[in-house]
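Encoded as structure tokens, the structure appears first; notes follow it.
Position 1 is the first residue of the sequence; numbering continues from there.
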Amino acid sequence: MHLPSITSTYLAVLALLYTVLAVQVGRLRQRDRAAFGDNGSLQLRSAIRAHANFIEYVPIITLMVAMLEMSGLSAAWVHLLMGALLLSRLLHPLGMYAAPNTLQFRIGRVGGITITLFLLLACALTILSRALAGA
């Protein structure tokens, strides 16, 4: 078993993105004087959801990719999976700040979550497949 060095590098970059999302929420909370909730601000609500959506998906997908990397999945596949996760997490917030039914919305929010859900399923099925093959 080897350490998941590729996954951890991508995770560090994702942590920087998460920091940007968190700072944006804090900045908007101060601006809108909203200690809790969104105080009726659509911009703050979008920032909160972009921040929350990130933390809802990134940890489990990253954990699964790290497990796959430690089990010997090729470096190319690990880069592909983590690169796609990074792309999806960059796209999603862009869509969250766009008006519904615009191209930016569809590419960002819909594209980002589509890639994310595909990764969630692909990683889970790959782990199960490898576990069943080794059993």
Side-chain angles (χ1 to χ4, degrees):
M1 173 173 64
H2 76 275
L3 297 177
S5 59
I6 299 169
T7 303
S8 63
T9 302
Y10 279 94
L11 186 56
V13 174
L14 286 161
L16 295 174
L17 176 57
Y18 186 64
T19 302
V20 169
L21 295 172
V23 168
Q24 176 69 352
V25 170
R27 187 184 69 74
L28 292 172
R29 283 193 183 286
Q30 271 190 324
R31 184 197 73 184
D32 297 336
R33 294 185 172 94
F36 302 100
D38 59 31
N39 205 20
S41 166
L42 293 177
Q43 194 176 15
L44 177 54
R45 185 177 312 150
S46 291
I48 290 168
R49 284 307 312 146
H51 180 255
N53 189 275
F54 184 102
I55 205 64
E56 290 165 358
Y57 290 102
V58 169
I60 191 165
I61 293 171
T62 302
L63 180 61
M64 287 191 292
V65 175
M67 299 254 179
L68 288 167
E69 184 179 355
M70 288 187 296
S71 73
L73 189 67
S74 76
W77 276 106
V78 175
H79 280 291
L80 179 69
L81 293 170
M82 290 304 294
L85 180 60
L86 179 59
L87 174 65
S88 74
R89 297 297 86 202
L90 287 169
L91 285 174
H92 189 264
L94 296 176
M96 288 297 294
Y97 291 108
N101 300 317
T102 62
L103 182 61
Q104 184 179 341
F105 177 86
R106 285 190 299 276
I107 291 172
R109 191 167 180 199
V110 176
I113 198 62
T114 300
I115 295 168
T116 300
L117 292 174
F118 174 79
L119 287 168
L120 190 64
L121 286 171
C123 289
L125 293 174
T126 303
I127 289 171
L128 289 171
S129 169
R130 290 169 72 98
L132 291 173

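Leu81 has its side chain out of reach of Leu85: every pair of non-hydrogen atoms, C-beta onward, lies at least 4.5 Å apart. Side-chain contact between Arg89 and Val58 is present, with heavy atoms from C-beta onward closer than 4.5 Å. Side-chain contact check for Leu80 versus Trp77: some heavy-atom pair is nearer than 4.5 Å. Leu94 has its side chain out of reach of Arg109: every pair of non-hydrogen atoms, C-beta onward, lies at least 4.5 Å apart. You'll find the side chain of Leu73 reaches within 4.5 Å of the side chain of Arg130, heavy atoms only.
Atoms CG and CG, from Leu21 and Leu16 in turn, are 11.0 Å apart once rounded to the nearest 0.5 Å. Distance CD1/Ile61 to CG/Leu120: 5.0 Å, rounded to 0.5 Å. Atom-to-atom distance recorded for Ser41:OG and Arg29:CZ is 10.0 Å, nearest 0.5 angstrom. Taking CG from Leu68 and CE from Met82, the interatomic distance works out to 11.0 Å, rounded to the nearest 0.5 Å. Taking CZ of Phe54 as the reference point, atom CE of Met96 lies at 14.0 Å (rounded to 0.5 Å). For the atom pair CD (Glu69) and OG1 (Thr62), the distance works out to 11.5 Å, reported to the nearest 0.5 Å.
Ile48 belongs to a hydrophobic cluster whose remaining members, ordered by chain and number, are Val25, Leu28, Leu44; membership requires side-chain heavy atoms of ILVMFWY residues under 4.5 Å apart, directly or through intermediates. Other members of the cluster containing Phe118 do not exist, because no ILVMFWY side chain is joined to it at under 4.5 Å. Applying the 4.5 Å side-chain rule to ILVMFWY residues, one finds Phe105 in the same cluster as Val110.
Between the side chains of Gln43 and Arg31, at least one donor-acceptor pair of N or O atoms lies under 3.5 Å. No side-chain N or O of Arg27 forms a donor-acceptor pair with one of Gln30 less than 3.5 Å apart. A donor and an acceptor atom, one from each side chain of Asn101 and Arg106, are nowhere located under 3.5 Å apart.
Of all the heavy atoms in Ile6 and Ala75, the pair that sits closest is CD1-CB, 3.6 Å. Contact detail for Gln24 and Ala47: the closest heavy-atom pair is CG-CB, 4.1 Å.
By the criterion of side-chain heavy atoms lying less than 4.5 angstrom apart, applied directly or through intervening Ile, Leu, Val, Met, Phe, Trp or Tyr residues, Val78 is grouped together with Ile115 in one hydrophobic cluster. Linking Ile, Leu, Val, Met, Phe, Trp and Tyr whenever their side-chain heavy atoms come within less than 4.5 Å puts Leu17 and Ile55 in one cluster. Linking ILVMFWY residues whenever their side-chain heavy atoms come closer than 4.5 Å, directly or via other members, leaves Ile107 and Tyr97 in distinct clusters. Both Val13 and Met64 belong to a single network of hydrophobic side chains, linked directly or stepwise wherever heavy atoms of I, L, V, M, F, W or Y lie under 4.5 Å apart. A chain of hydrophobic side-chain contacts below 4.5 Å, direct or via other Ile, Leu, Val, Met, Phe, Trp or Tyr residues, connects Leu86 to Ile113.
Under the side chain to side chain donor-acceptor pair (under 3.5 Å) criterion, Tyr18 pairs with His51, not counting sequence neighbours. Tyr57 is linked by a side chain to side chain donor-acceptor pair (under 3.5 Å) to nothing, counting only residues two or more places apart in sequence or in another chain.
Within 6.0 Å of atom CG in Leu87, more than 12 heavy atoms from other residues, nucleotides or ligands are found, so the atom counts as buried in its surroundings.
Pairs engaging residues 42-54 under the salt bridge (Lys or Arg N to Asp or Glu O under 4.0 Å) rule: Asp38-Arg45, Arg49-Glu56 [sequence neighbours left out].
For the pair Thr116 (side chain) and Ser88 (backbone), a donor-acceptor distance under 3.5 Å is absent.
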